[in-house]
Number of protein chains: 2
Amino acid sequence: MTTKERIIETAIALFNEKGTHAVTTNHIAAAMDISPGNLYYHFRNKAEIIRAIFDQMDRVGFDDYQQIIALHPAGSLAAMEETFLMIQRFNWRYRFFKRELTVFILNDPLLRERHIKVHQAMLQLIRHSIASSVAQGMLRSMPEDELNLFTEEIWLLTLFWLNYLEVGGEEITEETLRRGNELVRQTVRCRMTDQGLRLMEKHAG
Amino acid sequence: MTTKERIIETAIALFNEKGTHAVTTNHIAAAMDISPGNLYYHFRNKAEIIRAIFDQMDRVGFDDYQQIIALHPAGSLAAMEETFLMIQRFNWRYRFFKRELTVFILNDPLLRERHIKVHQAMLQLIRHSIASSVAQGMLRSMPEDELNLFTEEIWLLTLFWLNYLEVGGEEITEETLRRGNELVRQTVRCRMTDQGLRLMEKHAG
DNA sequence: GTCTATAAGCGGATAGAC
DNA sequence: GTCTATCCGCTTATAGAC
């Protein structure tokens with residue numbers, strides 16, 4: 001791993017542990033046993049480190065997104081759960097980001113725009129996924145309004161499950177992540193047709 | 001309003017606007033046209049201002065909670081919606097707090113414990129409310145597991161609706177808050193009995 | 001209670017040697 | 001690429017006059 005990469009990984013670890021504002025460039029340098037000057041050779045300043053992390057997130061996020069797309073036709077429910085867990089893993093790796101997101105967005109219009117685009121894309125992905133489940137007769141068809149709210153509900157649950165666990169003082173484990181998945185599944189089950197429910201039972205058994 | 005109160009109100013406004021870390025004691029003093037020294041006469045440091053705000057939140061939150069309790073027997077659905085909006089207003093007034101909550105909790109074990117207690121109390125309140133709706137025949141009875149998940153879903157939606165709007169780049173208005181309410185309502189509707197649905201229709205019409 | 005002035009400390013950032 | 005040394009600026013916090 002290059003020094004630049006090590007700086008980024010160390011920064012992610014420390015940001016996740018203490019929050020970006022409690023972590024200084026000096027802390028990052030000290031934690032990886034290099035001098036502050038060396039750190040500044042690789043990055044102009046702290047903001048640039050954060051930007052580099054965001055870029056990494058974009059790349060990883062894009063790869064994940066491609067995987068989700070590829071997964072999607074495979075089978076509605078299983079694909080959805082795989083997607084949920086994938087997003088949770090992403091949110092966990094970059095958990096400082098989600099924690100401080102609103103403040104970042106407040107102070108950085110560019111990040112705001114970028115994030116809104118991702119947000120919209122995810123909503124569309126979910127809506128599309130729901131529509132295809134309806135077409136397959138797994139979900140009952142519903143009026144436009146209800147479909148929109150349903151879409152937002154799924155996305156909100158997925159987006160904030162990790163945060164929910166954290167502010168409730170729960171550990172993030174396989175078990176608690178699985179519970180979030182259960183939550184989404186139950187929300188979906190509410191809108192299932194009899195046929196969909198039968199298929200799900202079979203799948204579970 | 002005393003200077004002390006004005007400091008608190010100014011701090012809340014600035015924290016909401018810029019985030020706690022971007023706002024210094026000097027900024028607060030300047031914004032209200034007093035000297036930094038004067039501010040330090042009333043508060044030992046910035047952390048103490050934040051603590052004073054938390055204390056205010058506790059008091060306001062407790063009053064709101066009492067109102068919710070009082071509201072509760074009045075009528076399930078209407079009370080639930082009133083509660084939702086009350087919590088949104090609270091979250092909006094202290095929006096810096098919810099935005100930075102995970103980081104606060106990370107660095108302050110006491111706040112963590114306090115917050116977890118509130119979290120648990122709200123879950124219990126919701127669970128109790130659901131149980132009484134089931135007893136009244138409004139909601140279909142459900143297995144323990146489903147009830148727990150349902151409770152958490154309601155609470156998660158209520159807790160994060162404001163955050164959801166913010167990270168999605170939406171304005172907080174009567175309209176968008178109402179949409180959050182719709183979301184919760186739809187989640188509840190999924191579990192309603194025929195009797196409950198009829199009552200709701202009548203209520204809406 | 002409120003002001004002005006100022007000290008102390010820290011984080012961010014750069015220069016220049018190696 | 002990496003280090004040491006150092007500077008700038010800002011925030012916190014205090015002392016002492018009014």
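A, B, ... follow the sequence lines: proteins, then strands. Residue 1 opens every chain. Worth knowing before you read on, the calculation uses all heavy atoms, side chains too, and leaves out hydrogens, waters and symmetry mates.
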Applied to residues 145-160 of chain A, the side chain to side chain donor-acceptor pair (under 3.5 Å) test, sequence neighbours excluded, yields A:His119-A:Trp155, A:Arg127-A:Asn148, A:Arg140-A:Glu146, A:Glu152-B:Tyr164, A:Glu152-B:Arg179, A:Glu153-B:Thr187
Could I get a table of every N or O pair under 3.5 Å where one atom is in the protein and the other is in nucleotides 11-16 of chain D?
residue: D:dT12; atom: OP2; partner: B:Thr25; partner atom: N; Å: 2.8
residue: D:dT12; atom: OP2; partner: B:Thr25; partner atom: OG1; Å: 2.6
residue: D:dA13; atom: OP2; partner: B:Tyr40; partner atom: OH; Å: 3.3

Next on the checklist: For A:Arg93 and A:Gln56: C-alpha separation, side-chain torsions, deciding distance, then whether side-chain hydrogen bond (donor to acceptor under 3.5 Å, both in side chains) applies.
Outcome noted: CA-CA 11 Å; A:Arg93 169 155 168 77; A:Gln56 185 186 104; 2.7 Å; yes
Polar contact flag, side-chain donor to acceptor under 3.5 angstrom, A:Glu100-A:Thr20 | yes
In whole angstroms, the gap separating C1' of D:dG1 from CD of A:Glu5 amounts to 15 Å
Would A:Phe97 and A:Phe54 count as a ring pair (Phe, Tyr, Trp, His ring centres under 6.0 Å) here? Give the steps.
CA-CA 9 Å; A:Phe97 176 76; A:Phe54 289 173; 5.1 Å; yes
Closest non-hydrogen contact found for A:Leu183 with B:Leu149 is CD1-O, 3.0 Å
note: A:Glu48, atom CD; C:dG12, atom P; distance rounded to Å ~ 14 Å
Numerically ordered, the residues 99-110 of chain B set in heavy-atom contact under 4.0 Å with DNA chain D is none
When rounded to whole Å, the NE2 to P distance for the pair B:His21 and C:dG12 reads 9 Å
Here the distance between atom C1' of D:dT4 and atom CG of A:Leu39, to the nearest Å, is 15 Å
In whole angstroms, the gap separating P of D:dG1 from CD1 of A:Ile34 amounts to 12 Å
Heavy-atom closest pair (A:Phe43 atom, A:Ile49 atom, distance to 0.1 Å) is CG-CG1, 3.6 Å
Atom CG of A:Asn38 and atom C1' of D:dG1 are separated, to the nearest Å, by 6 Å
Check whether NZ of the Lys or CZ of the Arg A:Arg89 lies under 6.0 Å from the centre of the six-membered ring of A:Trp92 and within 45 degrees of that ring's axis. no
message: Do B:Gln186 and A:Arg191 pair up side chain to side chain, a donor and an acceptor below 3.5 Å, judged on atom types alone?
response: yes
A:Lys4 NZ to D:dT2 P, in whole Å, measures 12 Å
